[in-house]
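Right, one structure below, let's go through it.
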Amino acid sequence: MGDTSFALIDGNSFYCACERVFDPSLKDRPVIVLSNNDGCAVARTPEAKALGIKMGAPYFKIRDLCDKERVAVFSSNYALYGDMSARMNAIYRDVAPEVEIYSIDESFLSLGIIPPHERVTFSRDLRAKVLKWTGIPTCVGIGPTKTLAKLANHIAKSNSGLGGVCDLTSAEERKYWLPRVAISEVWGVGAASQRKLAQMGVKTASCLASLDSSVARKLMTVVGEKTVLELRGVSCLALEAVAPQRKGCAVTRSFGRKVTQLSDMLEAVATHATRGAEKLRRHGLEAGHITVFMHTSPFAEGPPHSASRTVHFPEPTADTIDLIRATGRAVKDIFRPGYGYAKSGIIMEDLVEAGSSPRSLFDTRDREKSEALMQAYDAINQRFGRGSVTAASAAAKDSTWQTKFEMCSPRYTTVLEDLPQAIARVHSKG
DNA sequence: TCTGGGGTCCTAGGACCC
DNA sequence: TCTGGGGTCCTAGGACCC
């Protein structure tokens with residue numbers, strides 16, 4: 001048995017890198033990818049960062065700069081990023097005994113069975129393979145705990161001399177690097193904890209590692225206590241190779257334009273409910289209750305309004321019609337005329353595996369009928385594309401409320417018409 | 001005059017993550 | 001004009017019970 005050892009591998013400027021894979025003209029050009037509704041910059045290449053474009057910068061504030069500097073700007077293309085992510089994880093699963101997919105571009109690998117002196121070479125080989133097979137550049141951090149592996153990854157990213165790999169396995173390496181990293185870079189330390197820690201003079205990762213763990217607990221709950229121990233090399237967070245059953249499932253969107261009419265709000269929420277029910281069925285789940293919310297923009301001048309309503313189902317369901325009915329009633333109850341709403345959403349909770357809950361004696365719905373209808377519905381949309389059939393209340397092709405995606409690249413890898421074309425010229429020798 | 005105490009469950013809100 | 005979406009975990013405090 002080896003000791004505990006983790007690697008954290010992630011894509012560099014991942015969304016931007018995905019765009020570059022399929023458009024070589026973006027090489028060396030600054031690239032950014034925007035959040036939903038073309039709201040803020042959520043991914044930037046080093047060239048874009050060098051122009052001063054900050055993480056989360058609202059697009060309308062940086063648009064002029066982007067035009068002037070010929071920044072390539074993209075809406076989020078989740079079909080593309082999700083597919084590239086799956087390709088990377090397939091490679092990890094090939095080379096590591098256990099893989100935990102932590103986010104769309106980050107995975108933890110267990111390296112315990114690899115001898116300590118071979119871990120850096122292993123990581124360099126892995127980076128090379130991922131680059132060759134997917135086109136995505138990565139960095140790898142290695143450590144005896146997940147928190148140290150995350151920290152090592154950050155160090156690898158910000159010190160180009162390390163060749164994309166940093167190993168914090170040894171105490172000497174940690175003694176060198178931890179005083180050079182600010183607490184804001186430590187996994188689990190957010191703005192609130194940063195403020196409290198700074199007041200006590202704790203400013204670097206090494207300071208935090210030597211903080212009394214009971215003090216850390218008082219300041220940042222048990223989560224912070226674990227962070228301190230992990231920084232010392234005591235593993236408190238295990239690799240989760242099997243994703244635990246999810247607790248909730250949400251569909252929320254900002255509107256392309258402010259919504260003032262009840263009819264538009266009903267249509268938007270019915271569309272969320274439709275998407276939500278599809279999501280539940282795809283995961284084989286049913287929801288016990290659903291919450292609808294809507295609110296005005298926190299940045300707007302006018303009077304604010306925020307409201308939510310939770311509806312409990314008589315028994316768990318993933319039926320589109322059930323969800324639309326429940327959310328429709330809730331919307332009518334909480335909608336206030338006279339406000340310009342910026343966002344609405346649904347949150348489904350109390351999730352159970354489909355069919356696992358005992359049937360209610362008094363349930364009057366015909367479950368078999370509902371399940372058959374939903375199966376047919378999903379099959380048609382699978383075959384002919386999302387939205388081919390839909391509930392009348394959710395039908396909306398060109399509604400004013402639709403979220404903006406005005407600069408989306410093609411779905412290169414998941415939609416046939418969008419496949420990139422390669423042209424090979426064959427010269428025959430006469 | 002003087003009015004318990006301890007347990008469970010649920011929810012809202014905060015903090016954090018990418 | 002224009003500021004994302006989708007998660008997790010922890011804690012405090014109220015409701016309720018005996």
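All figures in this text were calculated on a predicted structure; none of them were measured in a lab. Note: hydrogens, waters and symmetry copies are ignored here, and every other heavy atom, side chains too, is used.
Residues from residues 205-228 of chain A lying near DNA chain C, meaning a heavy-atom separation below 4.0 Å, are Thr221(A), Val222(A), Val223(A) in numerical order. Shown for residues 42-63 of chain A: residues whose heavy atoms fall under 4.0 angstrom of DNA chain C, namely Pro58(A), Phe60(A), Lys61(A). Interface residues of residues 183-197 of chain A facing DNA chain B, ordered by number: Val186(A), Trp187(A), Gly188(A), Val189(A), Gly190(A), Ala191(A), Ala192(A), Ser193(A); criterion, heavy-atom separation under 4.0 Å.
Comparing dT3(C) with dC17(B), their P atoms are spaced 25 Å from each other, to the whole Å. Rounded to a whole angstrom, the distance from the P atom of dC18(C) to that of dC2(B) is 29 Å.
Aromatic pair Phe108(A)/Trp187(A): ring centres closer than 6.0 Å.
Pro179(A) pairs by the side chain to side chain contact (heavy atoms under 4.5 Å, CB included) definition with Ser206(A), not counting sequence neighbours. Every residue meeting the side chain to side chain contact (heavy atoms under 4.5 Å, CB included) condition with Ser5(A), not counting sequence neighbours, appears here in chain and number order: Leu111(A), Arg119(A), Ile142(A).
Under the 4.5 Å side-chain criterion, counting only non-hydrogen atoms from C-beta, Val352(A) is not in contact with Gln245(A). At least one side-chain heavy atom of Leu262(A) sits under 4.5 Å from a side-chain heavy atom of Leu266(A). Residues Phe293(A) and Val269(A) are not in side-chain contact: their nearest non-hydrogen atoms beyond the backbone lie 4.5 Å or more apart. Contact of the Glu19(A) side chain with the Leu80(A) side chain is registered, since non-hydrogen atoms from C-beta on lie closer than 4.5 Å. The closest side-chain heavy-atom distance from His272(A) to Thr327(A) is not below 4.5 Å.
One can place CG of Leu237(A) at 12 Å from C1' of dC9(C), the figure rounded to the nearest angstrom. Arg309(A) places its CZ atom 17 Å from the C1' atom of dA12(B), with the value rounded to the nearest Å. Between the CZ atom of Phe405(A) and the P atom of dC2(C) there is a distance of 18 Å, rounded to whole Å. Distance Ile104(A) CD1 to dG4(C) P: 19 Å, rounded to the nearest Å. In this structure, Ile101(A) atom CD1 and dT8(C) atom C1' are separated by 17 Å, rounded to whole Å. Between the NE2 atom of His312(A) and the C1' atom of dT11(B) there is a distance of 10 Å, given to the nearest Å. Per the geometry, CD belonging to Glu349(A) stands 12 Å off C1' belonging to dT8(C), to the nearest Å. Distance, Lys404(A) NZ to dG4(C) P: 11 Å, rounded to whole Å.
Listed by first then second residue, pairs satisfying side-chain hydrogen bond (donor to acceptor under 3.5 Å, both in side chains) with a partner in residues 216-244 of chain A read Thr147(A)-Glu230(A), Arg217(A)-Glu225(A), not counting sequence neighbours. Applying the ring pair (Phe, Tyr, Trp, His ring centres under 6.0 Å) rule to pairs touching residues 321-343 of chain A yields His305(A)-Tyr339(A), His305(A)-Tyr341(A), Phe335(A)-Tyr341(A), sequence neighbours excluded. Among residues at least two apart or in separate chains, side-chain hydrogen bond (donor to acceptor under 3.5 Å, both in side chains) pairs with a member in residues 90-101 of chain A are Glu100(A)-Lys146(A). The stretch residues 46-83 of chain A participates, sequence neighbours left out, in these ring pair (Phe, Tyr, Trp, His ring centres under 6.0 Å) pairs: Tyr15(A)-Tyr81(A). Within the structure, side-chain hydrogen bond (donor to acceptor under 3.5 Å, both in side chains) pairs that include any residue of residues 124-144 of chain A do not occur (at least two apart or interchain).
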task: Might you work through the side-chain hydrogen bond (donor to acceptor under 3.5 Å, both in side chains) test for Asp319(A) and Thr317(A), ending with a clear yes or no?
output: CA-CA 6 Å; Asp319(A) 185 300; Thr317(A) 179; 5.4 Å; no

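Between Cys40(A) and Gly56(A), the shortest heavy-atom contact is CB-O, 3.4 Å.
Phosphate contact (OP1/OP2 of dT1(C), side-chain N/O of Lys258(A), threshold under 4.0 Å): absent.
Between Val73(A) and the options Met407(A), Arg63(A), Glu406(A), a side chain to side chain contact (heavy atoms under 4.5 Å, CB included) holds for only Met407(A).
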Please write out the pairs of protein N or O atoms and N or O atoms of nucleotides 5-7 of chain C separated by less than 3.5 Å, giving the distance to one decimal.
unit_1 : atom_1 : unit_2    : atom_2 : d
dG5(C) : OP1    : Ser254(A) : N      : 2.5
dG5(C) : OP2    : Ser254(A) : OG     : 3.0
dG5(C) : OP2    : Lys343(A) : NZ     : 3.0
dG5(C) : O3'    : Arg253(A) : NH1    : 3.1
dG6(C) : OP1    : Arg253(A) : NH1    : 2.8
dG6(C) : OP2    : Thr252(A) : N      : 2.4
dG6(C) : OP2    : Thr252(A) : O      : 3.0
dG6(C) : OP2    : Thr252(A) : OG1    : 2.5
dG7(C) : OP1    : Arg246(A) : NH1    : 2.6
dG7(C) : OP1    : Lys279(A) : NZ     : 3.4
dG7(C) : OP2    : Ala250(A) : N      : 2.6
dG7(C) : O5'    : Arg246(A) : NH1    : 3.3

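Residue Asp105(A) is classed as a sugar-phosphate contact, given heavy-atom separations below 4.0 Å to backbone atoms only.
Judged by distance alone, the side chains of Asn89(A) and Ser107(A) do bring a donor and an acceptor atom under 3.5 Å apart.
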- prompt: For DNA chain B, what dot-bracket results from Watson-Crick or G-U pairs at under 3.5 Å, with [ ] for crossers and | for inter-strand partners?
  reply: ....||||||||||||||

